[in-house]
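Keep in mind that this is a model prediction, so the values were computed, not measured. Convention: sequence-line order gives letters A, B, ...; per-chain numbering from 1. Side chains included, hydrogens not; waters and symmetry mates left out as well; all remaining heavy atoms used.
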2 protein chains.
Amino acid sequence: MVPCLASRWPARLLRASPPCWLAARVRGTPRERSPRPRSPHEAGRGCCSASGAPEVTLTPQRYAVQRLPFSAVSEQDLAAFERIVPGRVVTDPDELQAFNVDWLRMVRGSSKVLLRPRTTEEVSRILRHCHERNLAVNPQGGNTGMVGGSVPVFDEVILSTALMNQIISFHGVSGILVCQAGCVLEELSQYVEARDFIMPLDLGAKGSCHIGGNVATNAGGLRFLRYGSLRGTVLGLEVVLVDGTVLDCLTTLRKDNTGYDLKQLFIGSEGTLGVITTVSILCPPKPKAVNVAFLGCPGFAEVLQTLSTCRGMLGEILSAFEFMDAQCMKLVGQHLGLASPVRDSPFYVLVETAGSGAGHDAEKLGHFLEHVLGSGLVTDGTMATDQRKAQTLWALRERITEALSCDGYVYKYDLSLPVERLYDIVIDVRARLGPNAKNVVGYGHLAPPPWDEQGSLQCPSLDQRPSGRQHCPLGDGNLHLNVTAEAFSASLLSSLEPYVYAWTAEQRGSVSAEHGLGFKKKDVLGYSKPPAAVQLMRQLKALLDPKGILNPYKNLKNGPVSTSRGATLRRVRRNLWNVVLAVARVLCAGLQWAASSRAQDAPLGGQGPAW
Amino acid sequence: MVPCLASRWPARLLRASPPCWLAARVRGTPRERSPRPRSPHEAGRGCCSASGAPEVTLTPQRYAVQRLPFSAVSEQDLAAFERIVPGRVVTDPDELQAFNVDWLRMVRGSSKVLLRPRTTEEVSRILRHCHERNLAVNPQGGNTGMVGGSVPVFDEVILSTALMNQIISFHGVSGILVCQAGCVLEELSQYVEARDFIMPLDLGAKGSCHIGGNVATNAGGLRFLRYGSLRGTVLGLEVVLVDGTVLDCLTTLRKDNTGYDLKQLFIGSEGTLGVITTVSILCPPKPKAVNVAFLGCPGFAEVLQTLSTCRGMLGEILSAFEFMDAQCMKLVGQHLGLASPVRDSPFYVLVETAGSGAGHDAEKLGHFLEHVLGSGLVTDGTMATDQRKAQTLWALRERITEALSCDGYVYKYDLSLPVERLYDIVIDVRARLGPNAKNVVGYGHLAPPPWDEQGSLQCPSLDQRPSGRQHCPLGDGNLHLNVTAEAFSASLLSSLEPYVYAWTAEQRGSVSAEHGLGFKKKDVLGYSKPPAAVQLMRQLKALLDPKGILNPYKNLKNGPVSTSRGATLRRVRRNLWNVVLAVARVLCAGLQWAASSRAQDAPLGGQGPAW
């Protein structure tokens with residue numbers, strides 16, 4: 001039926017040169033993980049080993065950021081922490097290094113202490129102490145964030161969830177998993193897969209990332225298309241508020257309309273509103289049949305048409321549609337030794353189906369492949385029906401981040417854009433930077449437009465569009481635009497920013513589709529959100545964290561809390577001033593009375609002024 | 001293949017006696033709708049015509065509720081409103097009556113004015129005025145709420161969205177609909193269905209309910225199982241805050257992780273945090289093949305086993321699984337003239353599939369029906385493959401609410417419960433009330449447990465369970481428990497409440513699965529939420545609506561805002577008092593100094609103190 005789709009990759013794909021330290025770090029299997037997250041330095045063995053890499057510049061030395069007036073950790077604080085988490089207070093500078101640097105080695109804090117609680121109660125006592133003492137806190141999961149949100153900026157106390165890694169319950173019929181925030185995603189995946197379920201999210205960093213961190217950043221990932229956002233699959237959360245209050249929203253109900261849905265506040269808040277300690281999440285059943293096809297496309301217009309056709313012909317069994325450009329393929333080959341399983345093409349597409357009837361699914365996929373190959377949308381393709389081969393194909397897409405990190409310093413952008421304009425920015429940026437950049441690549445997830453009856457794209461082709469700015473509303477896609485260079489360069493950065501953000505705003509896109517804002521994107525919120533929204537965010541932050549100690553310098557621009565507190569203070573001052581004036585008037589009237597009384601009492605009877 | 005599934009209902013099902021006024025009111029087609037929502041009194045024509053019904057008791061006369069110290073609407077206010085929405089200020093008492101009474105005729109307010117804005121700007125100006133004047137506001141959509149949240153309790157200004165009924169844009173490829181909050185759900189459905197899409201939600205009240213009201217109550221409905229919650233399908237909202245600020249979160253992006261997801265605050269907040277004016281929502285493509293099966297089951301254990309089998313054999317094409325008991329069928333027959341299309345059974349199940357391959361879907365459904373009929377889980381069944389017949393089967397389930405309202409005064413409960421215990425409460429309540437109740441019925445949506453390999457229920461049958469309290473974690477289902485009586489009776493109410501809520505809390509269920517809390521359930525929030533959560537809800541309310549004018553007496557117990565504001569006021573007063581004392585000290589020192597200076601100067605000719 002589809003003659004050119006014979007499997008033909010294994011040996012070539014798996015000739016893998018030693019993976020770089022990032023591979024080990026981010027994709028390490030659970031068995032390999034040491035009790036504490038491994039430092040990039042420990043793991044450095046491969047193509048871009050950190051052992052030889054220069055030390056990461058301290059964040060305040062690279063970025064314009066001022067330390068807010070939090071307290072510094074004292075000996076008394078350390079003693080108090082030791083009482084709360086005995087034997088789990090880390091102060092050794094060497095040991096701390098891995099927790100101060102983000103895994104992309106772009107930002108570095110200078111925290112002097114790391115705490116490793118095991119229970120919600122311990123987290124509560126730690127936060128209560130820090131709140132009372134005005135100590136800033138950096139909640140840290142697997143430290144796999146992309147935007148510098150997971151490490152301290154200055155000397156914040158690092159609160160690691162690494163030891164909060166217990167599965168509390170799993171319901172073998174409903175698929176509801178309740179676990180502590182520090183459980184590693186891949187461990188959870190293996191746990192539920194052994195019970196015929198899958199986690200509703202999957203991402204490249206699964207070997208290290210914690211489920212609590214996933215929820216705190218509202219991670220999207222590779223299963224978003226099929227299973228939707230964590231806002232739907234997370235059923236409940238237990239969160240410790242800044243003053244130590246434990247907020248138990250740990251319901252396992254799929255429907256609950258009693259009052260405001262508080263857990264939504266914490267999903268995607270990047271640890272700035274509270275510390276997530278336990279997660280209840282709905283796992284979908286493991287599909288009976290999974291097929292993966294890897295296709296080569298001659299252009300981006302054909303990628304979009306493949307997408308539209310795909311949605312039309314595969315319908316409800318379509319579970320992923322990923323694309324990558326030729327430069328991505330070059331980098332995974334060059335740095336990780338992975339080779340393309342299909343003929344060299346300008347673009348590659350990975351299509352996954354997941355369904356309940358193997359026969360029906362294979363038939364649908366077969367028809368689809370026949371159609372796209374016959375119509376020239378796809379020039380070459382290969383298909384996997386068993387898990388190992390499917391994983392091999394997925395690796396090409398999943399390990400791009402890793403390959404990029406091996407390529408040099410990476411400027412990363414994670415944009416939501418209308419799909420028909422999605423790749424234009426890669427071309428624009430490539431032209432703009434010229435030889436200043438080593439590589440400019442684009443890859444990502446496309447949310448497929450729903451089918452039309454003909455299964456074809458209902459919009460003018462990219463070439464036919466009369467104006468570059470005209471929209472063909474195919475919906476938005478998630479582009480990972482990445483630029484590599486030998487080293488960080490302020491001038492390259494200034495060529496990229498705010499250009500990329502302004503370009504995105506012009507398309508009414510999002511400057512952070514799934515990575516969050518963290519430290520590195522906090523200043524660009526205004527490109528995607530109007531002032532009234534930013535103001536309300538600040539009010540929420542001020543309500544939930546009035547001292548601003550939770551993951552400061554992240555998520556909102558320029559010390560949002562202080563700004564917000566500043567506004568509040570100004571308002572309070574204005575009100576107080578009015579009161580003072582009123583009081584002054586009353587007292588002055590009293591003064592007048594007293595003075596006049598006194599004057600009357602005085603021997604020579606002088607009258608005071610009329611106030 | 002499935003010999004007993006021949007279609008055999010049309011004539012019997014459609015012998016329909018004249019529907020009661022509720023039918024006309026709630027299911028009226030868009031063409032029938034008058035420019036303002038019709039009063040139950042106008043529409044009364046059928047089996048339970050309101051024209052002969054006694055007047056609904058004023059809410060404060062039936063329930064213990066005190067008017068909060070809001071201003072009363074003055075002539076100046078009316079003049080101001082007339083300037084904002086000229087010709088759209090309703091003060092005629094007869095006309096107001098329909099907007100003061102909820103459609104279930106259970107609660108009645110006494111508002112003196114209804115405003116009918118057409119634009120966001122008008123809503124903004126109205127709210128700004130009301131906020132400045134401390135006038136309470138009751139935002140009202142289609143007034144189809146189940147918990148008394150959509151009508152005033154006292155004399156709140158009614159802010160109707162009925163004229164905000166414009167579709168702003170619809171993208172024919174992505175399926176993204178942007179429309180004003182007052183669009184009627186059924187009109188939207190017809191609009192998008194003509195373009196090969198469907199709305200992601202569907203509910204019995206679709207003929208009257210507004211999309212803004214749906215979002216404000218986070219309505220679940222009949223497509224929840226397949227398309228999930230509005231928290232996922234609503235892409236963006238425009239909301240007017242209490243002071244008139246327009247919050248534009250009207251994105252059409254499926255992925256956007258820039259800052260906190262503010263729209264989530266307003267979804268399900270029942271108009272207490274802001275007024276939703278525009279909605280952006282993702283519509284799924286119209287399935288190519290839809291099949292509906294209506295089945296009779298010999299017991300609730302068999303309903304659950306059918307559910308499990310169904311999920312196993314139909315997988316991703318299963319789009320609805322509804323159940324109703326024999327009493328429901330009796331009532332839709334008695335009051336609406338609908339007859340069962342299958343043999344009389346203790347329970348009935350409606351199964352819907354929606355998929356992209358008619359042949360594949362029919363094959364899967366055929367195998368399923370053969371299996372459940374063969375195994376005795378189902379004793380009789382019928383199937384519809386065309387839209388008209390499918391609608392006829394759906395009517396049996398959708399019109400239960402209407403039939404109940406024709407049966408007398410209805411005590412309504414909307415519970416999330418573990419499915420294996422779900423029907424036990426109906427049996428318990430029936431036994432508890434005995435002849436005091438006219439009918440005690442149960443129906444609802446079951447969230448099917450994911451399949452196991454055998455497609456059978458992986459838990460002991462209901463009869464085999466050793467203890468009534470032992471959970472078999474099948475996930476939660478949504479039970480609509482309804483009790484009818486000739487008229488409202490306080491003693492019957494006291495037999496039901498808090499019994500039903502305590503029963504639900506014991507199962508860690510939710511006392512409001514999808515209807516919200518509104519006025520009638522606001523006091524029972526504590527059965528499903530812990531004190532820390534309630535406290536945070538109050539803080540959010542105080543932050544977004546400090547004067548508490550937005551839909552007061554709803555959603556949170558006992559004047560939450562006043563409580564919260566009380567606390568805030570106490571704090572402010574304490575702080576102010578300290579300041580006043582400090583200022584007084586300073587001024588007194590000045591006074592003392594001035595007086596003494598004056599005393600010193602007085603003899604020499606009266607110089608005033610230098611302040």
Query raised in the report: Heavy atoms, side chains only, cut-off 4.5 Å: are B:Arg508 and A:Thr251 in contact?
Result: no
Report task. With the side chain counted from C-beta on, respond yes when B:Ser356 and A:Lys364 share a heavy-atom pair under 4.5 Å apart, and no when they do not. Result -> yes
Query - With sequence neighbours excluded, residues passing side-chain hydrogen bond (donor to acceptor under 3.5 Å, both in side chains) with B:Ser528 - result: none
Query - Contact winner vs chain A - B:Asp256, B:Val534, B:Leu536, B:Leu415, heavy-atom pairs under 4.5 Å - result: B:Asp256
Query raised in the report: Given that the side chain runs from C-beta out, which part of B:Tyr527 has a heavy atom under 4.5 Å from chain A: side chain, backbone, both or neither?
Result: neither
Query raised in the report: When heavy-atom pairs shorter than 4.5 Å are enumerated against chain A, which of B:Leu265, B:Leu544, B:Leu273, B:Asp414 gives the highest number?
Result: B:Leu273
Query raised in the report: So do B:Leu262 and A:Met537 actually touch side chain to side chain, heavy atoms under 4.5 Å?
Result: yes
Report summary line: d(A:Glu316 CD, B:Glu316 CD) to nearest 0.5 Å is 6.0 Å
Requested in this report: Report the distance from atom OG of B:Ser174 to atom CD of A:Glu420, rounding to the nearest 0.5 Å.
Outcome: 9.5 Å
Query raised in the report: Hey, does B:Val511 have a side-chain heavy atom less than 4.5 Å from the side chain of A:Thr258?
Result: yes
Report task. Check whether any side-chain heavy atom of B:Leu417 lies under 4.5 Å from a side-chain heavy atom of A:Leu253, and answer yes or no. Result -> no
Report summary line: Whatever's closer than 4.5 Å to a heavy atom in chain B on A:Val246 counts as backbone
Query raised in the report: Any side-chain heavy atom of A:Lys255 within less than 4.5 Å of one from B:Ser512?
Result: no
Report task. Name the region of A:Thr245, side chain, backbone, both or neither, that has any atom closer than 4.5 Å to a heavy atom of chain B. Result -> side chain
Query raised in the report: Heavy-atom distance under 4.5 Å between the side chains of B:Gln264 and A:Tyr260, does that happen here?
Result: no
Requested in this report: Can you tell which part of B:Ser169 gets under 4.5 Å to a heavy atom of chain A, answering side chain, backbone, both or neither?
Outcome: neither
Query raised in the report: Which residue out of A:Leu247, A:Asp261, A:Leu314 racks up the most heavy-atom pairs below 4.5 Å with chain B?
Result: A:Asp261
Query raised in the report: With respect to chain B, which residue among A:Gly232, A:Gly268, A:Gly259, A:Pro530 yields the maximal number of heavy-atom pairs within a distance under 4.5 Å?
Result: A:Gly259
Query raised in the report: Ion pair present between B:Asp248 and A:Lys529, side-chain N to carboxylate O less than 4.0 angstrom?
Result: no
Requested in this report: Tell me, for B:Arg195 versus chain A, whether the close heavy atoms (under 4.5 Å) come from the side chain, the backbone, both or neither.
Outcome: neither
Query - For chain A, the option from B:Ser269, B:Cys249, B:Gly357, B:Gly228 that forms the most heavy-atom pairs under 4.5 Å - result: B:Ser269
Query raised in the report: For B:Leu230, is it the side chain, the backbone, both, or neither that has a heavy atom closer than 4.5 Å to a heavy atom of chain A?
Result: neither
Query raised in the report: So, do A:Thr217 and B:Asn257 sit near enough that their side-chain heavy atoms are less than 4.5 Å apart?
Result: no
